[in-house]
Amino acid sequence: MNCYDVEKLISAEEIAGKVRELGRRLSGMYVGKTLVVIPLLKGGAVFASDLIRCMDLDLQVEFIGAASYDEGTESSGEVRLTLDTSLPLNGRHVLLVEDIVDTGLTLAYIQKLIRSRKPASLRTVVLLDKRARRRVDVVVDEVVFSIPDRFVFGYGLDSPGGYHRNLADIVAVKD
Ligand code: IMP
Ligand code: MG
């Protein structure tokens, strides 16, 4: 596995506090409704698994997968679907959960796909927002942390080659 010179950007404790707060807020938004939570794989899996356990609601979990990064730290700009949901989304309240919005290409692609299935509503929550690198306009309803234009990994986000998703903290590679 590769070694990197990193610094802690966001601690596990800080993440946990914000995720709890978001879970409570989302629970209030869907009172009396049933929800389909869709983690966007692979990066959204860790965030989503903590988030759903902070949500006091009737909900189902479906998975969707997209890939745009190959082995480097720059997006190829090309998004492909790697996994699709198994239940119909028509008429359902959908909450899409993603690790990070960077250029916005991945979320724009997945949101368009989900909207084409005519859900009753679609809300998107992301853990991290790297706004400085946005290339397309994309609707993000909740951002947990805004971060500078640095390569980060941990808490579900991978380093090149697909490692380090299991780190509890989010770290940034030193410039
Ligand atoms: P976008 O399509 O450029 O918005 O990129 C979104 C995807 O790229 C995310 O789902 C992440 O998987 C990945 N990504 C973007 N920035 C980072 C980063 O700093 N570390 C790890 N993965 C990243
Ligand atoms: Mg991702």
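Computation of the quantities below employed the complete heavy-atom set of this structure, encompassing side-chain atoms and omitting hydrogens, waters and symmetry-equivalent molecules. In listed order, ligands and their atoms are each counted from 1.
Short contacts between ligand 1 and Leu105, defined as distances under 4.0 Å to a heavy atom of the residue, involve ligand atoms 2 (O), 4 (O). Near Glu98, with a cut-off below 4.0 Å to any heavy atom, the atoms of ligand 1 are 9 (C), 10 (O). Those atoms of ligand 1 with a heavy atom of Thr103 less than 4.0 angstrom away are 1 (P), 2 (O), 3 (O), 4 (O). Every atom of ligand 1 is numbered from 1 in the order shown, and the set under 4.0 Å from a heavy atom of Asp158 is 21 (C).
Geometrically, ligand 1 and Ser68 share no nitrogen or oxygen pair separated by less than 3.5 Å. The shortest N or O to N or O distance between Leu107 and ligand 1 is not under 3.5 Å. Considering backbone and side-chain N/O of Val152, one or more are found under 3.5 Å from N/O of ligand 1.
There is no path of hydrophobic side-chain contacts, each under 4.5 Å, that joins Val139 to Tyr30.
Note that CD of Glu7 is 8.0 Å distant from CG of Asp175, once rounded to the nearest 0.5 Å.
Residue contacts with ligand 1 do not include Phe153, since none of its heavy atoms lies under 4.0 Å from the ligand. Contact analysis puts Lys130 in contact with ligand 1, with a non-hydrogen atom separation below 4.0 angstrom.
The side-chain contact (heavy atoms from CB on, under 4.5 Å) with Leu51 is formed by just one residue from the set Val144, Val97, Val37; it is Val97.
At a cut-off of 3.5 Å, with distance as the only test, a side-chain donor of Tyr155 or Asp50 sits close to an acceptor on the other residue. Inspection of the Gln111 and Thr124 side chains reveals an N or O donor paired with an N or O acceptor under 3.5 Å.
With hydrogens and angles ignored, the 3.5 Å screen pairs a side-chain donor or acceptor of Glu62 with a backbone N or O of Ser86.
Only the side chain of Asp99 comes within 4.0 Å of ligand 1, judged by heavy-atom distances.
With salt bridges taken as basic N to acidic carboxylate O contacts below 4.0 Å, none links Asp141 and Arg123. The pair Arg134-Asp102 does not count as a salt bridge, with every side-chain nitrogen at least 4.0 angstrom from each carboxylate oxygen.
Distances from atom 9 (C) of ligand 1 to the heavy atoms of Ile100, Val101, Leu128 put Ile100 nearest.
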